[in-house]
**Q** 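A single structure is presented below for examination.
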Number of protein chains: 2
Amino acid sequence: MLSQRGRYALKALLNLARHDGEPRQVSVIATDEQIPRKYLEAIMSDLRRAELVDSTRGWSGGYRLARPADLITFGEVIRLTDGPLALLPCASRNFYRRCDDCVDEAACAIRRVMASVRNEVSEILDRTTIADAIANSPAAAAMLDSEPARAPDA
Amino acid sequence: MLSQRGRYALKALLNLARHDGEPRQVSVIATDEQIPRKYLEAIMSDLRRAELVDSTRGWSGGYRLARPADLITFGEVIRLTDGPLALLPCASRNFYRRCDDCVDEAACAIRRVMASVRNEVSEILDRTTIADAIANSPAAAAMLDSEPARAPDA
DNA sequence: CCAGTTCCTACTTGTTGACTATGAATTGAA
DNA sequence: TTCAATTCATAGTCAACAAGTAGGAACTGG
(Lines give C-alpha, C1' and ligand atoms only; values in the text may rest on other atoms or scores of the structure.)
Protein backbone atom coordinates (compact mmCIF):
# COMPACT_ATOMS: atom_id res chain seq x y z
CA MET A 1 0.00 0.00 0.00
CA LEU A 2 1.11 3.49 -0.79
CA SER A 3 1.54 5.69 2.28
CA GLN A 4 -0.61 8.71 2.85
CA ARG A 5 2.57 10.70 2.50
CA GLY A 6 3.11 9.30 -0.98
CA ARG A 7 -0.43 10.01 -2.00
CA TYR A 8 -0.12 13.58 -0.74
CA ALA A 9 3.14 14.06 -2.58
CA LEU A 10 1.57 12.95 -5.84
CA LYS A 11 -1.47 15.15 -5.31
CA ALA A 12 0.72 18.14 -4.58
CA LEU A 13 2.85 17.60 -7.67
CA LEU A 14 -0.24 17.21 -9.83
CA ASN A 15 -1.57 20.40 -8.35
CA LEU A 16 1.63 22.23 -9.18
CA ALA A 17 1.59 20.84 -12.68
CA ARG A 18 -1.99 21.96 -13.28
CA HIS A 19 -1.16 25.51 -12.21
CA ASP A 20 2.12 25.79 -13.94
CA GLY A 21 4.15 28.96 -13.87
CA GLU A 22 4.31 31.05 -10.70
CA PRO A 23 5.12 29.73 -7.27
CA ARG A 24 2.27 28.19 -5.36
CA GLN A 25 2.10 28.26 -1.59
CA VAL A 26 1.77 25.27 0.65
CA SER A 27 -1.39 26.69 2.22
CA VAL A 28 -3.05 26.95 -1.17
CA ILE A 29 -2.16 23.43 -2.20
CA ALA A 30 -3.20 22.18 1.21
CA THR A 31 -6.72 23.53 1.00
CA ASP A 32 -6.98 22.57 -2.67
CA GLU A 33 -6.10 18.98 -2.00
CA GLN A 34 -7.41 18.55 1.54
CA ILE A 35 -4.00 17.96 3.08
CA PRO A 36 -3.02 19.07 6.61
CA ARG A 37 -0.92 22.16 6.04
CA LYS A 38 1.98 21.45 8.39
CA TYR A 39 2.29 17.91 7.17
CA LEU A 40 2.38 19.03 3.59
CA GLU A 41 5.09 21.51 4.51
CA ALA A 42 7.32 18.63 5.56
CA ILE A 43 6.52 16.70 2.43
CA MET A 44 7.33 19.64 0.19
CA SER A 45 10.66 20.00 1.95
CA ASP A 46 11.43 16.42 1.02
CA LEU A 47 10.44 17.02 -2.56
CA ARG A 48 12.74 20.00 -2.65
CA ARG A 49 15.67 18.07 -1.23
CA ALA A 50 15.01 15.46 -3.91
CA GLU A 51 15.05 18.27 -6.47
CA LEU A 52 11.57 17.58 -7.72
CA VAL A 53 10.45 21.10 -6.86
CA ASP A 54 12.05 24.50 -6.42
CA SER A 55 11.13 26.88 -3.67
CA THR A 56 11.29 30.59 -3.00
CA ARG A 57 10.55 32.06 0.40
CA GLY A 58 9.21 35.34 1.63
CA TRP A 59 6.42 37.50 0.38
CA SER A 60 5.12 35.81 -2.73
CA GLY A 61 7.09 32.66 -2.32
CA GLY A 62 6.00 29.09 -2.84
CA TYR A 63 6.86 26.01 -4.82
CA ARG A 64 7.03 25.12 -8.48
CA LEU A 65 8.12 22.03 -10.37
CA ALA A 66 11.85 21.84 -10.83
CA ARG A 67 11.40 20.20 -14.23
CA PRO A 68 8.72 19.89 -16.86
CA ALA A 69 5.91 17.63 -15.69
CA ASP A 70 6.69 15.05 -18.34
CA LEU A 71 10.06 14.43 -16.74
CA ILE A 72 8.68 13.51 -13.35
CA THR A 73 7.56 9.92 -13.09
CA PHE A 74 5.30 8.28 -10.55
CA GLY A 75 8.07 5.82 -9.89
CA GLU A 76 10.51 8.47 -8.78
CA VAL A 77 8.02 10.07 -6.43
CA ILE A 78 6.87 6.82 -4.87
CA ARG A 79 10.39 5.53 -4.38
CA LEU A 80 11.16 8.77 -2.60
CA THR A 81 8.23 8.65 -0.22
CA ASP A 82 7.67 4.92 0.18
CA GLY A 83 10.93 3.25 -0.69
CA PRO A 84 11.13 0.21 -2.93
CA LEU A 85 8.40 -0.69 -5.38
CA ALA A 86 9.30 -4.36 -5.08
CA LEU A 87 7.46 -6.68 -2.74
CA LEU A 88 10.72 -8.03 -1.34
CA PRO A 89 14.04 -6.28 -0.74
CA CYS A 90 15.83 -9.04 -2.61
CA ALA A 91 13.65 -8.37 -5.64
CA SER A 92 14.35 -4.66 -5.72
CA ARG A 93 16.69 -3.08 -8.18
CA ASN A 94 17.04 0.33 -6.54
CA PHE A 95 16.93 -0.79 -2.92
CA TYR A 96 18.37 -4.27 -3.15
CA ARG A 97 18.98 -6.06 0.13
CA ARG A 98 19.43 -9.73 0.70
CA CYS A 99 16.94 -11.53 2.94
CA ASP A 100 18.90 -12.50 6.06
CA ASP A 101 17.40 -15.97 6.27
CA CYS A 102 17.73 -16.74 2.58
CA VAL A 103 19.75 -19.86 1.86
CA ASP A 104 20.06 -19.78 -1.91
CA GLU A 105 18.86 -16.59 -3.46
CA ALA A 106 19.29 -17.70 -7.04
CA ALA A 107 17.07 -20.70 -6.48
CA CYS A 108 14.38 -18.86 -4.54
CA ALA A 109 11.03 -19.43 -6.15
CA ILE A 110 9.36 -16.59 -4.32
CA ARG A 111 11.99 -14.13 -5.37
CA ARG A 112 11.54 -15.09 -8.99
CA VAL A 113 7.84 -14.33 -8.89
CA MET A 114 8.35 -11.08 -7.02
CA ALA A 115 10.95 -9.98 -9.52
CA SER A 116 8.52 -10.34 -12.37
CA VAL A 117 5.94 -8.36 -10.43
CA ARG A 118 8.47 -5.66 -9.78
CA ASN A 119 9.31 -5.53 -13.46
CA GLU A 120 5.71 -4.92 -14.43
CA VAL A 121 5.11 -2.37 -11.70
CA SER A 122 8.18 -0.32 -12.45
CA GLU A 123 7.46 -0.63 -16.14
CA ILE A 124 4.24 1.26 -15.56
CA LEU A 125 5.30 3.67 -12.84
CA ASP A 126 8.59 4.66 -14.42
CA ARG A 127 6.87 5.32 -17.70
CA THR A 128 3.89 7.26 -16.40
CA THR A 129 4.63 10.91 -15.70
CA ILE A 130 2.80 13.66 -13.87
CA ALA A 131 2.06 15.13 -17.27
CA ASP A 132 0.48 11.88 -18.45
CA ALA A 133 -1.73 11.79 -15.41
CA ILE A 134 -3.14 15.27 -15.86
CA ALA A 135 -3.48 14.74 -19.60
CA ASN A 136 -6.04 11.97 -19.20
CA SER A 137 -7.94 13.66 -16.45
CA PRO A 138 -11.63 14.51 -15.92
CA ALA A 139 -13.12 15.48 -19.25
CA ALA A 140 -10.35 14.26 -21.50
CA ALA A 141 -10.68 10.72 -20.25
CA ALA A 142 -13.66 9.80 -22.36
CA MET A 143 -12.60 11.24 -25.73
CA LEU A 144 -9.17 9.84 -26.24
CA ASP A 145 -7.65 6.53 -25.40
CA SER A 146 -4.03 7.47 -25.32
CA GLU A 147 -1.20 5.07 -24.74
CA PRO A 148 0.06 5.43 -21.17
CA ALA A 149 -2.93 4.49 -19.03
CA ARG A 150 -3.57 0.92 -19.99
CA ALA A 151 -6.84 -0.17 -18.48
CA PRO A 152 -9.98 1.95 -18.26
CA ASP A 153 -11.06 -0.17 -15.28
CA ALA A 154 -13.46 1.01 -12.55
CA MET B 1 6.44 -4.51 0.69
CA LEU B 2 5.33 -7.97 1.57
CA SER B 3 5.27 -8.66 5.31
CA GLN B 4 7.53 -11.25 6.86
CA ARG B 5 4.37 -13.10 7.73
CA GLY B 6 3.43 -13.28 4.07
CA ARG B 7 6.85 -14.45 3.06
CA TYR B 8 6.76 -17.15 5.72
CA ALA B 9 3.32 -18.27 4.60
CA LEU B 10 4.52 -18.67 1.04
CA LYS B 11 7.63 -20.53 2.11
CA ALA B 12 5.58 -22.86 4.27
CA LEU B 13 3.13 -23.62 1.48
CA LEU B 14 5.97 -24.26 -0.95
CA ASN B 15 7.51 -26.57 1.59
CA LEU B 16 4.27 -28.49 1.93
CA ALA B 17 3.92 -28.70 -1.82
CA ARG B 18 7.42 -30.06 -2.25
CA HIS B 19 6.79 -32.81 0.29
CA ASP B 20 3.32 -33.69 -0.81
CA GLY B 21 1.38 -36.50 0.79
CA GLU B 22 1.56 -37.06 4.50
CA PRO B 23 1.10 -34.42 7.16
CA ARG B 24 4.12 -32.30 7.94
CA GLN B 25 4.69 -30.78 11.34
CA VAL B 26 5.23 -27.15 12.09
CA SER B 27 8.53 -27.87 13.77
CA VAL B 28 9.85 -29.57 10.65
CA ILE B 29 8.79 -26.77 8.34
CA ALA B 30 10.16 -24.24 10.80
CA THR B 31 13.66 -25.67 10.81
CA ASP B 32 13.54 -26.32 7.06
CA GLU B 33 12.65 -22.76 6.26
CA GLN B 34 14.33 -20.91 9.11
CA ILE B 35 11.10 -19.64 10.63
CA PRO B 36 10.53 -19.15 14.38
CA ARG B 37 8.41 -22.11 15.38
CA LYS B 38 5.83 -20.38 17.51
CA TYR B 39 5.30 -17.70 14.95
CA LEU B 40 4.83 -20.22 12.20
CA GLU B 41 2.28 -21.97 14.35
CA ALA B 42 0.13 -18.87 14.32
CA ILE B 43 0.55 -18.46 10.60
CA MET B 44 -0.44 -22.04 9.90
CA SER B 45 -3.56 -21.53 11.96
CA ASP B 46 -4.48 -18.64 9.71
CA LEU B 47 -3.87 -20.72 6.62
CA ARG B 48 -6.12 -23.39 8.03
CA ARG B 49 -8.91 -20.96 8.82
CA ALA B 50 -8.60 -19.74 5.24
CA GLU B 51 -8.84 -23.36 4.09
CA LEU B 52 -5.54 -23.36 2.31
CA VAL B 53 -4.27 -26.23 4.44
CA ASP B 54 -5.77 -29.08 6.43
CA SER B 55 -4.52 -30.11 9.81
CA THR B 56 -4.56 -33.19 11.97
CA ARG B 57 -3.48 -33.18 15.56
CA GLY B 58 -2.01 -35.73 17.89
CA TRP B 59 0.61 -38.34 17.40
CA SER B 60 1.63 -38.07 13.76
CA GLY B 61 -0.30 -34.94 13.01
CA GLY B 62 0.70 -31.93 10.97
CA TYR B 63 -0.41 -29.92 7.97
CA ARG B 64 -0.97 -30.66 4.31
CA LEU B 65 -2.31 -28.61 1.44
CA ALA B 66 -6.07 -28.50 1.34
CA ARG B 67 -6.02 -28.47 -2.46
CA PRO B 68 -3.64 -29.38 -5.25
CA ALA B 69 -0.77 -26.92 -5.44
CA ASP B 70 -1.87 -25.69 -8.83
CA LEU B 71 -5.06 -24.36 -7.30
CA ILE B 72 -3.34 -22.13 -4.75
CA THR B 73 -2.26 -18.80 -6.14
CA PHE B 74 0.23 -16.32 -4.77
CA GLY B 75 -2.51 -13.74 -4.93
CA GLU B 76 -4.77 -15.60 -2.56
CA VAL B 77 -2.00 -16.13 -0.04
CA ILE B 78 -0.76 -12.56 -0.11
CA ARG B 79 -4.24 -11.09 0.15
CA LEU B 80 -4.75 -13.25 3.20
CA THR B 81 -1.59 -12.22 4.99
CA ASP B 82 -1.07 -8.69 3.72
CA GLY B 83 -4.42 -7.46 2.59
CA PRO B 84 -4.94 -5.67 -0.72
CA LEU B 85 -2.50 -5.95 -3.59
CA ALA B 86 -3.47 -2.50 -4.78
CA LEU B 87 -1.45 0.56 -3.87
CA LEU B 88 -4.56 2.45 -2.83
CA PRO B 89 -7.73 1.18 -1.20
CA CYS B 90 -9.81 2.94 -3.85
CA ALA B 91 -7.96 1.00 -6.54
CA SER B 92 -8.56 -2.38 -4.96
CA ARG B 93 -11.10 -4.80 -6.26
CA ASN B 94 -11.19 -7.18 -3.32
CA PHE B 95 -10.73 -4.65 -0.53
CA TYR B 96 -12.28 -1.56 -2.05
CA ARG B 97 -12.56 1.46 0.23
CA ARG B 98 -13.05 5.03 -0.76
CA CYS B 99 -10.37 7.54 0.22
CA ASP B 100 -12.04 9.77 2.82
CA ASP B 101 -10.62 12.97 1.40
CA CYS B 102 -11.36 12.11 -2.22
CA VAL B 103 -13.52 14.69 -3.97
CA ASP B 104 -14.20 13.04 -7.30
CA GLU B 105 -13.09 9.47 -7.49
CA ALA B 106 -13.94 8.96 -11.14
CA ALA B 107 -11.74 11.89 -12.12
CA CYS B 108 -8.82 10.98 -9.89
CA ALA B 109 -5.67 10.76 -11.96
CA ILE B 110 -3.74 8.92 -9.27
CA ARG B 111 -6.42 6.29 -8.90
CA ARG B 112 -6.37 5.62 -12.61
CA VAL B 113 -2.66 4.91 -12.60
CA MET B 114 -2.89 2.78 -9.50
CA ALA B 115 -5.71 0.78 -10.99
CA SER B 116 -3.60 -0.15 -13.97
CA VAL B 117 -0.78 -1.18 -11.66
CA ARG B 118 -3.17 -3.30 -9.65
CA ASN B 119 -4.37 -4.95 -12.84
CA GLU B 120 -0.89 -5.99 -13.82
CA VAL B 121 0.05 -7.16 -10.36
CA SER B 122 -3.03 -9.27 -9.84
CA GLU B 123 -2.71 -10.56 -13.36
CA ILE B 124 0.59 -12.10 -12.37
CA LEU B 125 -0.12 -13.09 -8.80
CA ASP B 126 -3.54 -14.59 -9.45
CA ARG B 127 -2.16 -16.60 -12.31
CA THR B 128 0.98 -17.89 -10.64
CA THR B 129 0.40 -20.87 -8.40
CA ILE B 130 2.45 -22.66 -5.79
CA ALA B 131 2.87 -25.45 -8.31
CA ASP B 132 4.24 -23.03 -10.90
CA ALA B 133 6.77 -21.74 -8.44
CA ILE B 134 8.19 -25.11 -7.52
CA ALA B 135 8.11 -26.22 -11.15
CA ASN B 136 10.63 -23.61 -12.22
CA SER B 137 12.85 -24.04 -9.24
CA PRO B 138 16.57 -24.71 -8.81
CA ALA B 139 17.68 -27.02 -11.56
CA ALA B 140 14.65 -26.78 -13.78
CA ALA B 141 15.05 -23.04 -14.20
CA ALA B 142 17.75 -23.20 -16.84
CA MET B 143 16.33 -25.86 -19.16
CA LEU B 144 12.83 -24.69 -19.83
CA ASP B 145 11.37 -21.27 -20.28
CA SER B 146 7.80 -22.04 -19.45
CA GLU B 147 5.00 -19.52 -19.63
CA PRO B 148 4.15 -18.32 -16.12
CA ALA B 149 7.33 -16.68 -14.90
CA ARG B 150 7.87 -13.86 -17.31
CA ALA B 151 11.28 -12.36 -16.72
CA PRO B 152 14.41 -14.27 -15.83
CA ASP B 153 15.76 -11.11 -14.26
CA ALA B 154 18.43 -10.99 -11.55
C1' DC C 1 -2.71 -42.80 30.15
C1' DC C 2 0.91 -40.39 27.70
C1' DA C 3 3.72 -38.06 24.44
C1' DG C 4 3.37 -35.33 20.58
C1' DT C 5 0.96 -32.51 18.05
C1' DT C 6 -2.32 -28.55 16.90
C1' DC C 7 -4.91 -24.73 18.79
C1' DC C 8 -6.02 -20.49 21.50
C1' DT C 9 -5.44 -16.21 24.11
C1' DA C 10 -2.78 -12.86 25.70
C1' DC C 11 1.34 -10.27 26.20
C1' DT C 12 5.70 -7.67 24.83
C1' DT C 13 8.55 -4.87 22.26
C1' DG C 14 10.21 -2.00 18.69
C1' DT C 15 9.14 0.59 14.60
C1' DT C 16 6.71 3.55 11.89
C1' DG C 17 3.16 6.54 9.93
C1' DA C 18 0.74 10.60 10.47
C1' DC C 19 0.56 14.24 12.18
C1' DT C 20 1.50 18.73 15.64
C1' DA C 21 4.24 22.56 17.88
C1' DT C 22 7.49 25.95 18.05
C1' DG C 23 10.16 28.93 16.19
C1' DA C 24 14.18 30.44 13.17
C1' DA C 25 15.52 32.22 8.47
C1' DT C 26 14.35 34.62 4.46
C1' DT C 27 12.27 38.08 1.47
C1' DG C 28 9.33 41.36 -0.85
C1' DA C 29 6.26 45.20 0.26
C1' DA C 30 4.99 49.38 2.86
C1' DT D 1 13.64 49.70 8.44
C1' DT D 2 9.97 47.37 9.87
C1' DC D 3 6.43 43.95 8.98
C1' DA D 4 3.98 40.17 7.41
C1' DA D 5 4.07 36.18 4.73
C1' DT D 6 6.33 32.58 3.42
C1' DT D 7 9.72 28.46 3.62
C1' DC D 8 12.77 25.71 6.63
C1' DA D 9 14.39 22.87 10.62
C1' DT D 10 13.93 20.20 14.76
C1' DA D 11 11.59 17.82 17.95
C1' DG D 12 7.67 15.68 20.06
C1' DT D 13 3.12 12.98 20.31
C1' DC D 14 0.09 9.30 19.63
C1' DA D 15 -1.95 5.25 17.85
C1' DA D 16 -1.47 1.29 15.15
C1' DC D 17 0.90 -2.60 13.71
C1' DA D 18 4.44 -6.15 12.72
C1' DA D 19 7.02 -9.70 14.68
C1' DG D 20 7.57 -12.30 17.73
C1' DT D 21 6.97 -14.91 22.89
C1' DA D 22 4.64 -17.42 26.75
C1' DG D 23 1.77 -20.66 28.66
C1' DG D 24 -1.28 -23.81 28.43
C1' DA D 25 -5.76 -26.17 26.75
C1' DA D 26 -7.59 -29.63 23.41
C1' DC D 27 -7.01 -33.48 20.78
C1' DT D 28 -5.30 -38.13 19.09
C1' DG D 29 -2.78 -42.29 17.97
C1' DG D 30 0.12 -45.64 20.35
Side-chain angles (χ1 to χ4, degrees), chain A residues 1-12 16 22-31 33-66 78 80-84 87-89 99-101, chain B residues 1-12 16 22-31 33-66 78 80-84 87-89 95 97 99-101:
Chain A
M1 278 275 170
L2 188 67
S3 67
Q4 190 78 317
R5 195 183 190 85
R7 206 169 131 262
Y8 287 163
L10 286 172
K11 290 183 97 176
L16 286 184
E22 41 251 57
R24 202 163 171 75
Q25 299 87 1
V26 165
S27 58
V28 174
I29 305 174
T31 55
E33 306 288 348
Q34 311 256 51
I35 305 174
R37 192 185 126 244
K38 265 306 195 183
Y39 194 36
L40 181 56
E41 240 178 66
I43 295 171
M44 296 309 289
S45 264
D46 286 349
L47 296 180
R48 182 186 51 85
R49 268 185 290 269
E51 303 192 315
L52 287 171
V53 299
D54 283 335
S55 65
T56 61
R57 334 202 222 188
W59 176 68
S60 81
Y63 289 93
R64 40 194 151 37
L65 297 184
I78 293 178
L80 176 67
T81 57
D82 287 67
L87 287 173
L88 291 179
C99 303
D100 4 335
D101 64 323
Chain B
M1 280 276 172
L2 188 66
S3 68
Q4 190 78 316
R5 195 183 191 82
R7 207 170 131 262
Y8 287 163
L10 287 172
K11 290 183 98 176
L16 286 184
E22 38 252 60
R24 202 165 171 71
Q25 299 87 359
V26 165
S27 58
V28 174
I29 305 175
T31 55
E33 306 288 348
Q34 311 257 50
I35 305 174
R37 191 186 126 244
K38 265 307 200 180
Y39 195 36
L40 181 57
E41 240 177 67
I43 295 171
M44 295 310 288
S45 264
D46 286 349
L47 295 181
R48 183 186 51 83
R49 269 186 289 270
E51 303 191 316
L52 286 172
V53 298
D54 283 334
S55 66
T56 61
R57 332 202 221 190
W59 177 68
S60 82
Y63 290 93
R64 41 191 150 36
L65 297 184
I78 293 178
L80 176 67
T81 56
D82 288 68
L87 287 173
L88 291 179
F95 294 82
R97 243 198 56 229
C99 303
D100 3 335
D101 63 323

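Please read all numbers here as calculations on a predicted model, not as lab measurements.
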**Q** Round to a whole Å and report the spacing from CE of M1(A) to C1' of dA18(D).
**A** 16 Å

**Q** Using atom CG of L40(B) as one end and atom C1' of dA19(D) as the other, report the distance to the nearest whole Å.
**A** 13 Å

**Q** What's the shortest heavy-atom distance between D82(A) and G6(A), and which atoms?
**A** OD1-CA, 3.6 Å

**Q** Is there a side-chain contact between P84(B) and R97(B) in this structure, where contact means two heavy atoms from C-beta onward sitting under 4.5 Å apart?
**A** no

**Q** side-chain contact (heavy atoms from CB on, under 4.5 Å) between L47(B) and L80(B): does it pass, once the steps are laid out?
**A** CA-CA 8 Å; L47(B) 295 181; L80(B) 176 67; 3.7 Å; yes

**Q** Quick one: how far along DNA chain C does chain A reach, first to last nucleotide 5' to 3', anything under 4.0 Å to a heavy atom?
**A** dA18(C) to dA29(C)

**Q** Between the protein and nucleotides 11-15 of chain D, list the N/O to N/O atom pairs that are separated by less than 3.5 angstrom.
**A**
none

**Q** Using the side-chain contact (heavy atoms from CB on, under 4.5 Å) rule, take T81(A) and L10(A) through it: C-alpha gap first, then chi angles, then the decisive distance, then the call.
**A** CA-CA 10 Å; T81(A) 57; L10(A) 286 172; over 6 Å; no

**Q** Polar-atom pairs under 3.5 Å, protein N or O versus N or O of nucleotides 2-7 of chain D: list them with distances, or write none.
**A**
{"residue": "dT7(D)", "atom": "OP1", "partner": "V26(A)", "partner atom": "N", "Å": "2.9"}
{"residue": "dT7(D)", "atom": "O2", "partner": "R57(A)", "partner atom": "NH1", "Å": "3.1"}

**Q** Are OP1 or OP2 of dG20(D) and a side-chain N or O of Y8(B) less than 4.0 angstrom apart?
**A** yes

**Q** One pair to check against side-chain contact (heavy atoms from CB on, under 4.5 Å): R7(B) and C99(A). What are the steps and the verdict?
**A** CA-CA 10 Å; R7(B) 207 170 131 262; C99(A) 303; 3.4 Å; yes

**Q** Determine the contact category for R49(B): base if any of its heavy atoms lies under 4.0 Å from a base atom, sugar-phosphate if only primed atoms, P, OP1 or OP2 are that close, otherwise nothing.
**A** sugar-phosphate

